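One structure is given here, and the rest of the page talks about it.
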2 protein chains.
Amino acid sequence: MSAVLARPRIESGPSRLSSAERAYRALKKLILGDELPAGSHLLEQEAAERLGMSRTPVREAMIRLEKDGVVEVRPRHGMRVLPVSPDDMREIYQVLTALESAAAEAVARRGATPAEIASLRAAVADMEAALDRGDLDGWADADKRFHWLLVTLTGNQRLQQMVSQLDEQAHRARVLTLRLRPKPVNSIRDHARLVAAIARRDAESARRIHHDHRTRAGEMLVGLLDRLGLKQV
Amino acid sequence: MSAVLARPRIESGPSRLSSAERAYRALKKLILGDELPAGSHLLEQEAAERLGMSRTPVREAMIRLEKDGVVEVRPRHGMRVLPVSPDDMREIYQVLTALESAAAEAVARRGATPAEIASLRAAVADMEAALDRGDLDGWADADKRFHWLLVTLTGNQRLQQMVSQLDEQAHRARVLTLRLRPKPVNSIRDHARLVAAIARRDAESARRIHHDHRTRAGEMLVGLLDRLGLKQV
DNA sequence: GAGTTTGTTAATGCATGCATTAGTCAGACA
DNA sequence: TGTCTGACTAATGCATGCATTAACAAACTC
């Protein structure tokens, strides 16, 4: 492997990802990318062949994915990609609302640095610009960035981990509804108000603004899924 | 096994737990019971011998425990029971506060049945009775029951799963401080007020009462750990 | 004497084999 | 015609073996 000579690994960690880790990432990517759609099954052996490894690391990856709440492992059926129902989305958004609004409150309370405020504002500006040019994907990216920034600014790793787990579970529904939902103009307004509240260290307003924002977003999404008659995504 | 004949399994699920499941439960029990104290190491082989099985199911159990946030699996060192620092407790309580106060709000908003209210009141009464007879363990049990009841009444399984994960992580610190903390008289008062708010379907008060309750409990706990100079538990 | 290098040991990561058993389907039966 | 029985098939759950490699220590250089 000449690559080893060419790049004499500076990075930390294992020079080569373990098979189990590769399996985990690959399967998760397939699921989030909807190449393994909701409800689809994959046997250990099938996954192993597909990924060019034996069943053992695949099995370990499946256990992890099950803990992430994205698949179900059933004896004799391999793993099954969990569909997300409107009720699931209700659950997810209820928790997400609680976590993120607490994050907003916490960040406002401790106060953000000018640089942090600027990065939040930048995300809002990107959302606005994307929306102006009708770039929904760009808007979604910037929105995601905003939310993630908010959560990381708390410095609470457990909070981050839980939010990202819920985000993954909700991913498919969000992608699906991105072009079916009304134009997310309110989102931008809500986020701008949130940034303002954070900037003036108004924790209670920050919490309420984001709480209401997430609640509305959740209701819109669930309502949309219901109206579309989508029992599962 | 005469037991099999005596009780011809009515329940669903595998008649005999899988080895991986047994390993998972056994290890978790050892950890929560502090028989595997914070910071202790256990090699796959050691655990396997101790549990009378091969490394494979033990390995799978360790992967699950790692996802639960109670151990760390390090290549060559087996698993290590994660110590909990005051900063960890800060994280845990911040998230727990967010989740449980959202639960309080949700339950108050949807309204609880008389039976549900009664069970909450019963838990509070048990806390009071236990405290009156100086039974701290009894108090802790009833308190745990109250919190769990609150969370289950939301019907949100993701919320339940996350709360119980955080509870496990905080378990050792709570046990340790149970007899070092001031008498939990305020707890009982707070819970009684929360039940009242739920009964009158006052969601905003319910949220605030429980939010403040959890926040204070967290601060007390973290302060105690800090004061005791316990860098980790 | 401190820092390196090298050799050894041990634990892992993964592949593989096999007994077990759930799931399936044909065919008998009511 | 619907259901039950039983045999067959296939996927799993677990044990085991082995190559790999990190960790440790002893020897060694400067």
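Residue numbering restarts at 1 for every chain, and letters A, B, ... go by the order of the sequence lines. Since the model is a prediction, treat every value here as computed from it, not as a measurement.
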Intermediate values then yes/no, side chain to side chain donor-acceptor pair (under 3.5 Å), S19(B) and R22(B): CA-CA 5 Å; S19(B) 294; R22(B) 278 190 297 126; 3.2 Å; yes
Of the options K28(A), K144(A), K29(A), which is the one that meets E168(A) in a salt bridge (Lys or Arg N to Asp or Glu O under 4.0 Å)? K28(A)
For D68(A), run the salt bridge (Lys or Arg N to Asp or Glu O under 4.0 Å) check against R158(B), R64(B), K67(B) and tell me which one passes. K67(B)
E49(A) and Q45(A) side chains, donor-acceptor separation under 3.5 Å: yes
Should the pair K231(A)-D226(A) be classified as a salt bridge under the 4.0 Å nitrogen-to-oxygen rule? no
If we only count heavy atoms from C-beta on, is the L99(A) to V95(B) side-chain gap below 4.5 Å? yes
Which one of H41(A), H77(A), R80(A) satisfies the side-chain hydrogen bond (donor to acceptor under 3.5 Å, both in side chains) criterion with E72(A)? R80(A)
Angle, rounded to 10°, between the helical axes spanning five pairs at each terminus of the helix from dG1(C)-dC30(D) to dA30(C)-dT1(D)? 30°
Under a 4.0 Å heavy-atom criterion, the protein footprint on nucleotides 10-16 of chain C, written with B, S and -, is BBBBBBB
